[in-house]
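Input: a single structure, listed below in structure tokens.
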Amino acid sequence: MTTVKELFETCIEYEYTGLAHCLLYMLREGRAKPDDRVDQLDFESVDKEKIDQMERKNLLGFNLIKVFSLKIDKDLFVFVFAKSKEEAIEFVRKRLRKKPLNCHEYWLGHELQRGNEVISFRDMRKEHTSFPAIAGFFKR
């Protein structure tokens with residue numbers, strides 16, 4: 001069975017911010033210990049307002065950059081790393097001088113073929129030092 005420590009580490013690795021902050025709250029409040037089994041936790045009794053505040057303050061220091069797919073032509077899409085949908089759209093307007101037809105958030109764990117390797121957007125994000133940034137293009 002999964003322990004609190006194992007789940008917390010998974011949340012950190014995959015950036016599940018809400019659950020990670022909930023577990024941090026439970027650990028701080030003495031409602032859980034690292035070796036406790038997750039299936040024995042009472043998630044219904046937590047103070048959701050306090051957890052929301054912790055998450056807004058980003059106490060765990062998550063990188064809040066997401067990846068968005070923006071359709072810029074009939075068959076052409078650009079993937080952009082940005083903090084928000086609005087930031088991604090504005091970046092494409094300024095940088096590519098295109099008005100996106102749509103904008104959808106993708107999961108950072110989504111894997112794609114790049115050359116001879118399979119890579120996730122999460123790993124691609126690590127290649128950039130400033131944001132917003134272009135992750136790549138896709139032609140249908």
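- In the hydrophobic clustering, where aliphatic and aromatic side chains (Ile, Leu, Val, Met, Phe, Trp, Tyr) are joined below 4.5 Å either directly or transitively, F77 groups with I65, V67, F79, F81, Y106, L108, L112, I119, F121, M124, F131, F138.
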Before giving the answer on side-chain hydrogen bond (donor to acceptor under 3.5 Å, both in side chains), spell out for R125 and S120 the whole-Å C-alpha distance, their side-chain angles and the decisive distance to 0.1 Å. CA-CA 9 Å; R125 184 182 65 187; S120 71; over 6 Å; no

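- Side-chain contact between L41 and L23: present, with at least one pair of heavy atoms (C-beta onward) separated by less than 4.5 Å.
- Side-chain contact between Y25 and R31: present, with at least one pair of heavy atoms (C-beta onward) separated by less than 4.5 Å.
- Smallest separation of non-hydrogen atoms from R122 and G109: NH1-CA, 3.7 Å.
- L24 contributes atom CG, which lies 5.0 Å from atom CG of L60 (distance to the nearest 0.5 angstrom).
- Atoms NZ and CG, on K5 and L27 in that order, are 11.5 Å from each other to the nearest 0.5 Å.
- In the displayed structure, F43 atom CZ is contacted under 6.0 Å by more than 12 heavy atoms of other residues, nucleotides or ligands.
- C22 SG to K48 NZ: the interatomic distance, rounded to the nearest 0.5 Å, is 8.0 Å.
- Taking all atoms of both residues into account, the shortest heavy-atom contact from E55 to G18 is OE2-N, 3.3 Å.
- In R95, the CZ atom is not crowded: 12 or fewer heavy atoms of neighbouring residues, nucleotides or ligands sit closer than 6.0 Å.
- Side-chain atoms of Q113 come within 3.5 Å of backbone N or O of G115 as a donor-acceptor pair.
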Pair L70-V80, side chain to side chain contact (heavy atoms under 4.5 Å, CB included): steps then yes or no: CA-CA 8 Å; L70 296 94; V80 173; 3.8 Å; yes

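- Of all the heavy atoms in H21 and N58, the pair that sits closest is NE2-C, 4.0 Å.
- Placement of L59 and L64 within a single hydrophobic cluster is found when ILVMFWY residues are connected by side-chain heavy-atom separations under 4.5 Å, directly or transitively.
- In this structure, D47 contributes its side chain and K50 its backbone to a donor-acceptor pair below 3.5 Å.
- Taking each heavy atom of A20 and F8 in turn, the nearest pair found is O-CE1, 3.4 Å.
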Where do K126 and D123 land on the salt bridge (Lys or Arg N to Asp or Glu O under 4.0 Å) test, with the steps shown first? CA-CA 5 Å; K126 294 173 187 173; D123 291 333; 3.5 Å; yes

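- A salt bridge does not link E90 to K83: none of the charged nitrogens lies less than 4.0 Å from a carboxylate oxygen.
- Considering CG of L19 and CD1 of I51, their distance stands at 9.5 Å, rounded to 0.5 Å.
- Surrounding CZ of R97 are at most 12 heavy atoms belonging to other residues, nucleotides or ligands under 6.0 Å away.
- The distance from the CG atom of D75 to the CD1 atom of I72 is 11.5 Å, given to the nearest 0.5 Å.
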Please test I89 against R93 for side chain to side chain contact (heavy atoms under 4.5 Å, CB included), starting from the C-alpha separation and ending with a verdict. CA-CA 6 Å; I89 291 168; R93 282 185 180 155; 3.9 Å; yes

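- In this structure, the separation between SG on C11 and CD on E6 is 12.0 Å, given to the nearest 0.5 Å.
- Between F91 and I134 there is a side-chain heavy-atom pair separated by less than 4.5 Å.
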Please determine whether salt bridge (Lys or Arg N to Asp or Glu O under 4.0 Å) holds for the pair E87 and K94, giving the CA-CA distance in whole Å, both sets of side-chain angles, and the decisive distance to 0.1 Å. CA-CA 11 Å; E87 184 180 64; K94 286 182 178 178; over 6 Å; no

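- No side-chain heavy atom of K71 sits under 4.5 Å from any side-chain heavy atom of V78.
- For E86, the salt bridge (Lys or Arg N to Asp or Glu O under 4.0 Å) criterion is met by no residue, not counting sequence neighbours.
- Counting only heavy atoms from C-beta outward, the side chains of D73 and R140 never approach each other to under 4.5 Å.
- By the 4.5 Å heavy-atom criterion applied to side chains, V4 and M26 are not counted as neighbours.
- Taking each heavy atom of H128 and A135 in turn, the nearest pair found is NE2-CA, 4.5 Å.
- Looking at heavy atoms from C-beta onward, R37 lies out of side-chain contact with T2 at the 4.5 angstrom threshold.
- P34 approaches T3 most closely through the heavy-atom pair O-CB, 3.6 Å.
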